Amino acid sequence: MNARAAILGRLRTRLGRDTASAAELRIMEREVAGRLEHPPTHPVPARTRLGDAARRALFVRMAEEAKASVTPLARAAALPESLRIFLKARGLDGALHATGEAGLRALPWAAAGISLRHGRSAGTPASVALAFAGIAETGSLLFCAAPESPMTAHLLCDLHLVLLPENRIFATVEAALEDFQKTQGAFMPSAAMFVTGPSRTADIEQQMQLGAHGPRELHIYLTEEGP
Amino acid sequence: MKITSNAFRANSRGALQDRNLQDALGNLKRGFQEKRRKAKARLPEFEELQDHAVAIKEHSLDHLDFYLERFEKEVTARGGKVHWCRDGAEARATILKLCKDVNAKRVVKAKSMIAEEIAINDYLEANGIEPCETDLGEYIIQLRHEPPSHIIGPAIHLKREQVADTFREQHSEFPDARKLDAARDLVDEARHIMRPRFLSADVGISGANLLVAETGSVVLLSNEGNIDLSRALPKTHIVVASIEKIVPTLSDANVILRLLSRSATGQEAAAYMSFLTGPRGADETDGPEAFHVLLLDNGRSDLLKGEFERILHCIRCGACLNHCPVYGVTGGHAYGAVYTGPMGAVLTPLLEGLEHAAPLPEASTFCGRCEEVCPMRIPLVGLLRNLRVRLLKKKPDGLATRRRLGVWLFFATRPSLYHGVARLLLRLAAPFGRGGALSVGPRAGGWGRRFPVQGGPTFQEMWRQREKAKRP
């Protein structure tokens, strides 16, 4: 007997499927299918049930608590100039690794003297990305794998710079995933990664150190408008 | 790993003498306990979520056959492959074959308790494949050839200086005189060493925090980013998960996820939480080209519908370890097994056989803190007690012990007789006591007990008198 049949057989014996009638099994299958279709309503933290402004404020508070910085921008078009100043202050040249979303590419990068590199990141000092969503409950960013949005862009650079439009802040993980499924047609991306602050470890004497294997810093640029 | 749980008593005596270990364990209270308490206090819905989480697990286990098949169907539909493995040997052979099929030389590994359970590292190494642990704690203990001592912090038993010594000994490519005093230096050195390994690995191996039947997704949490790097860079990703990790839907998963990080590290959310579904999509530039999920039984199906089923609710947060007074002084290694602390004292005898882990169910004061902090409300004390009952039935002197307990039971269930006899015995024993107390049992090592034998009234008598005095 192969392992699959053996394991399922053992489970069915333990669960009493072999003594259940065909009708009973059909009822059970229908119940399970029904539950998959309409899962029970689970509690969602009350602190996430907020209006737009309060939800934005919660996102900022939680992101900062997770050691990310949040910079408000009136317009997405102001991002390149803001990053030019940031890079200069860090002594970096004007090259950034970037995800390839049209909205991000269309910003006035050349005017700010910044050149973008796309594709799989090779670990340049800084990367800029457009987040799919923000999560107010935890201050997290959601990145969904796509041809123009490789996951390595969020993992290999020391400085992780992220553009997030305010109207993309959702209350919870559930709400953001639901939005993905509604707007992108696909049920789940190959990777949906929720990022909360820079990478970290407390494996040595339980002392928190930022910058373990992923980014050392996470800077979020929150725009009121666009892209 | 080869388990040495039967040496628990000797191991724990050694642990108590180990200054470094005792210092390191002192961090448990300041760290994990305090952070968990604060995180729970910030989420008023915590207990309500616990009720839902328990119900989700019960339902999932009751329909494990249905949901595992659904999970397999969804993974397959997304271009991944599910491999069913009865035991560790089948899982090891499956992983080795998958590695050989792609001519893998180097494997990067994200921390996984199941990978420890099946001891995959030694097996890969013996077959010419280099397994690199990437989680910092797990990497440190790999260098030191030690098993993890804690689910969440595998190297929690070590002090900074010990890690520095290990790095100096093993990282010969760095100058001897380099500074390694601070945790920061050690983290940076490990990061520097690991980066090229991520970039050159052929296969990434990870565990799974949860499996979602509805979508065929694998949920993984990490703080370092090492899991996502282990997935995004190599061409093959192998997930090894035990069958009880399954939940029906994404909404069910989120209930458990809200409890997990808070119970484990006291974080509102881990730095990275990923839902991984199938291999990379068409035209995606990173992510694995091949996505494999191993579903491992290894004794779990035998626990279904039995008196120990509730241990299958465990989500491996480590809260019971962090709050256990026994674990708090012995550390994890004394348990001589992969799973340690209260949950390990239940699971190890069940997976490995009671005869190989007989002292573990005894390694508890039954104080019940483990149950209080368990996010899944697992009745750990009750499960340990059930194991003790089994143990007693098996012991060579079990019959004699049970007879003695039978005598005690006779008195204990007749309170007035019990108190009368106790009063009499205490008064008779009074002349033999020293300093108003009588030592019973061996005095060496502090295992004996001292009973007060003052010859005066017993507690019960004093209590009755006090209550009488209160009445008008």
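Nothing here was measured: the structure is a model prediction, and the numbers come from that model. A, B, ... follow the sequence lines: proteins, then strands. Residue 1 opens every chain. Every heavy atom of this structure was used, including side-chain atoms; hydrogens, water molecules and symmetry mates were not.
Contacts of A:Ala191 with chain B are made by both backbone and side-chain atoms, with heavy-atom separations under 4.5 Å. Interface residue B:Asp188: only side-chain heavy atoms are found under 4.5 Å from chain A. If you measure heavy-atom distances from B:Tyr272 to chain A, the contacts under 4.5 Å come from both the backbone and the side chain. Heavy atoms closer than 4.5 Å to chain B are found in both the backbone and the side chain of A:Thr201. Contact of A:Glu65 with chain B is made through the side chain alone, with heavy-atom distances under 4.5 Å. Both the backbone and the side chain of A:Ala46 come within contact range of chain B, with heavy atoms under 4.5 Å apart. With a threshold of 4.5 angstrom between heavy atoms, B:His83 does not approach chain A through any atom at all. Using a 4.5 Å cut-off between heavy atoms, B:Leu158 contacts chain A through its backbone alone, with no side-chain atom that close. Heavy atoms closer than 4.5 Å to chain A are found in both the backbone and the side chain of B:Thr215. Only the backbone of B:Leu61 comes within contact range of chain A, with at least one heavy atom under 4.5 Å from a heavy atom of that chain. Interface remark: A:Pro198 contributes backbone atoms only to the contact with chain B (heavy atom separation under 4.5 Å). Using a 4.5 Å cut-off between heavy atoms, A:Glu37 does not touch chain B at all. Only the side chain of A:Gln207 comes within contact range of chain B, with at least one heavy atom under 4.5 Å from a heavy atom of that chain. Proximity to chain B (any heavy atom under 4.5 Å) is restricted, for A:Thr41, to the backbone atoms N, CA, C and O.
With hydrogens and angles left out, the side-chain atoms of A:His213 and A:Ser199 include no donor and acceptor closer than 3.5 Å.
Top candidate by heavy-atom pairs under 4.5 Å with chain A, chosen from B:Gly287, B:Ser251, B:Gly278, B:Gly306, is B:Ser251. Taking chain A as the reference chain and counting heavy-atom pairs below 4.5 Å, the highest number among B:Cys85, B:Gly153, B:Pro44 is found for B:Cys85. Per-residue heavy-atom pair counts under 4.5 Å with chain A were compared for B:Glu138, B:Glu48, B:His192, B:Arg300, and the maximum is reached by B:Glu48. Ranking B:Asn226, B:Asp65, B:Asp283, B:Leu64 against chain A, the residue ahead of the rest is B:Asp65, based on heavy-atom pairs under 4.5 Å. Ranked by heavy-atom pairs shorter than 4.5 Å toward chain A, the options B:Gln267, B:Glu72, B:Met194, B:Glu90 are led by B:Glu72. Taking chain A as the reference chain and counting heavy-atom pairs below 4.5 Å, the highest number among B:Ala190, B:Gly281, B:Ala269 is found for B:Ala269.
For the pair B:Asp62 and B:Lys305, the salt-bridge criterion is met [side-chain N within less than 4.0 Å of a carboxylate O]. Salt bridge status for B:Arg262 with B:Glu45: absent, with no side-chain N to carboxylate O gap under 4.0 Å. A salt bridge links A:Arg90 with A:Glu217: the closest approach of a Lys/Arg side-chain nitrogen to an acidic carboxylate oxygen falls below 4.0 angstrom. Electrostatic pairing of A:Asp203 and B:Lys111 does not count as a salt bridge here, judged by no charged N lying under 4.0 Å from a carboxylate O. The existence of a salt bridge linking B:Arg258 and A:Glu137 is confirmed by a sub-4.0 Å separation between a basic side-chain nitrogen and an acidic carboxylate oxygen. Taking the charged nitrogens against the carboxylate oxygens, B:Arg70 and B:Glu74 do have a contact shorter than 4.0 Å, which makes a salt bridge. Salt-bridge annotation for B:Arg231 and B:Asp228: absent, with no side-chain N of the basic residue lying under 4.0 Å from a carboxylate O of the acidic one.
A parallel orientation is assigned to the rings of A:Phe143 and A:His154, their planes being inclined by less than 30° (bins at 30° and 60°). Using the six-membered ring where Trp is involved, B:His150 and B:Phe32 have ring planes that are parallel, under 30° apart on the 30 and 60° scheme.
Note: A:Leu177 CG to A:Phe187 CZ = 9.5 Å, rounded to the nearest 0.5 Å.
For B:His59 and B:Tyr67, the ring centers are positioned less than 6.0 Å apart.
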